[in-house]
Amino acid sequence: MTDETLPTRSDRVAGGARGRRSGLLFARDVLVVVVIALLVAFLVKTFVVRSFYIPSGSMENTLQINDKILVNELQPSVFPLSRGDVVVFRDPGGWLPKSPPVARNPLAQAADTALTFVGLSASDSDDHLVKRLIGLPGDHVVCCDASGRITVNGTAIVEPYIVLPPGQKNAATLAFDVTVPKGRIWVMGDNRYDSQDSSRNQALPGHGFVPLDHVVGRAAVISWPVGRWTWLTDYPGSLPRRGGEEGMMTPVTPTLRFEKALYRDGVTSIVAVDEVGRGALAGPVAVGMVVIDTGVKRIPPGLRDSKLLPEPVREALEPACRRWSLFHAVGLASAEEVDSLGIMRCLGLAGARALAALEEQGAEVRDSTLILDGNYDYLNPALMRPARVVTRIKADRDCASVAAASVIAKVHRDRLMIGHDVDYPGYGWVSNKGYSTPEHFAAIAELGPSALHRLTWLKDLATLDMPT
C-alpha cells in the first residue's frame, strides 16, 4: 500500500506562482527573440538587402510593373558597380513628377511603415528609380553610331535587353556625347523610348548624371511574383566590365587588312566613307570620303576613328590623312535639308555630293568599291547610277581608310561649326559643335533656335512624352 500525501493549500499557491513565473519567462524570451529578429531585419534592410516594387514600365521587359526586387546594398558601398548592373537610386532632382499625397487607412499605414522598417515593404519606391548602368566615372558615352548603337569609350555595346518601337533602331530617343564626371554614373532604362533616364534629363542641373551617393544598391533578384523569381544579370560580354576609376579601354588601332582582302578579290580602287554630325541638333551632316588603291602606303601614325581622338590630335592628324589618300572630299547636307528630307536621305545626299567632288578632282569612282561604315547602304538610293557598296559595322574603328575619312570629315565639320559660332553666338558651338549638351539645351531655351538648328528635332524634343 502506497502512502499518498495530498498537497496543502500552501503547496498549491506555490505551484501557481511557479506557473505564472514560467509564463512570464516564456513571454520575455519570445519578446527578446522578436526584438532581436526585428533588429536583425532592420540592420539587414539598412546595410545589406532591401526590397522595392516596380511602379512603371521603363525597365520592360527585364522588369514588369508591380514586380518586387531585392536590392544588394553592399554595392557600391563595399563592392564596386559594373556596367550593365541594374541599379536603384534616389531621384537626383526633377526626374520624377511630384506625387500627390495619398490618404490611407491609419492601420494600413502603420502596418506598411512597420514592414518598411524591417525591409519587407517599400513605401518609398515612388521616390526612387531603377535603371541599367551604362557609363561609369570617366567613361565617354555616345549615342548613336551609324548602326544606332551606344558606344562606351569608342566601343559599340551589344544590348540584348532593350525594347525599341517598331521601325526604330537608335538605342536612345535623344543623341548625346558625354564624359561621365567623377562620382557620377550614366543610366538608361531598358524600355528606351519609355524611360525617364540620363538621356532625357540632360537639360536639368545635374545634366542627366546620377551621383553615386544616391545609389541605394544593385538589383539582384526578382522576388515577386513567384512565377518571375530570377537573378538579374549584368549581361557579361555585352558591355565592358569596370576598369579603373577612369573606366577607359585601350583604343583599337585600325589596319588595312579589310582593304587588302578586297584587293585580293580583284578590287583595284577603294572609296572609304564615314559620316559625322548625324546626331547633332544644329549644323550640317557631313560625309567624308577618301580614295586609296593597291599602292597605298603605311597608315598615318596615331590614326584612329575620329570619335576616339581629342580635338587637337584630330587637327594635327588631318593633314597627314589628306596626304595619305589619293583623293579626298567632304559632302554636306544642311540643317534645313535634314528638316525637309530626314536624316537618312540627307546622309545619301551628302554622300552623293562627296562622290561628285571626287569625280571633279579626277578620281575614277565609277569603278571603285565603297566601304561604308555601318550596316545600311544609304548611298545608292541617292545616286543616279548604282555603286558597289560594302557595308561594315565599326569600319571607322577597324579600317584605316574609313578612319581617315572620319578624321577628315570631323575636322571639316568642326571648323564649320566654330566659324558659325561667330555668326550665332551664345550656343557654345566652339565646344559642342552643335551636339546636344546641357549648355546647348540651356542656350536654346534662352535664345531660341537659330537658322542652323534642325527645327524638326527641336520640335520632337519639346513635345516628347517623358514618362518614368
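All residue numbers in this chain count up from 1 along the given sequence. What you see below is based on every heavy atom in this structure, not just the backbone, and it leaves out hydrogens, waters and symmetry mates.
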> Does the side-chain hydrogen bond (donor to acceptor under 3.5 Å, both in side chains) test come out yes or no for Arg200 and Thr173, once each step is laid out?
Replying inline: CA-CA 8 Å; Arg200 298 280 191 94; Thr173 57; 2.9 Å; yes
> What's the verdict on ring pair (Phe, Tyr, Trp, His ring centres under 6.0 Å) for Phe176 and Trp186, showing C-alpha distance, side-chain angles and the deciding distance?
Replying inline: CA-CA 11 Å; Phe176 52 83; Trp186 185 267; 5.0 Å; yes
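Nearest approach of Asp373 to Lys394, heavy atoms of both residues: OD1-N, 3.4 Å.
Judged purely by atom type and a 3.5 angstrom limit, Asn72 uses its side chain to pair as donor or acceptor with the backbone of Leu74. At least one donor-acceptor pair closer than 3.5 Å links the side chain of Ser198 to the backbone N or O of Val187.
Using a 4.0 Å cut-off between charged nitrogen and carboxylate oxygen, Lys433 and Glu311 count as a salt-bridge pair. By the 4.0 Å N-to-carboxylate-O rule, Asp190 lies close enough to Arg132 to be salt-bridged with it. A salt bridge links Arg83 to Asp139: one of the charged nitrogens lies within less than 4.0 Å of a carboxylate oxygen.
At a cut-off of 3.5 Å, with distance as the only test, a side-chain donor of Ser58 or Lys131 sits close to an acceptor on the other residue.
In this structure, Lys260 places its NZ atom where only 12 or fewer heavy-atom neighbours from other residues, nucleotides or ligands lie under 6.0 Å away.
Looking at Tyr424 and Leu452, their side chains come closer than 4.5 Å, going by heavy atoms from C-beta outward. Here the side chains of Cys144 and Arg149 are not in contact, with every heavy-atom distance at 4.5 Å or above. Counting heavy atoms from C-beta outward, Met59 and Val86 have side chains that approach closer than 4.5 Å. Using a 4.5 Å heavy-atom threshold, the side chains of Phe89 and Leu212 count as separate.
Atoms CZ and CG, on Phe52 and Leu129 in that order, are 10.5 Å from each other to the nearest 0.5 Å. Residue Glu73 holds its CD atom at 10.5 Å from CG of Leu70, rounded to the nearest 0.5 Å. In this structure, CG on Asp274 lies 13.0 Å from CZ on Arg397, to the nearest 0.5 angstrom.
Annotation: cation-pi geometry not satisfied between Arg345 and Tyr378 (NZ/CZ under 6.0 angstrom from ring centroid, within 45° of ring axis). For the pair Arg413 and Tyr435, the cation-pi criterion (under 6.0 Å, within 45° of the ring axis) is fulfilled.
Using bins of under 30°, 30° to 60° and over 60° for the plane-to-plane angle, the ring pair Tyr427/His453 lands in the perpendicular bin.
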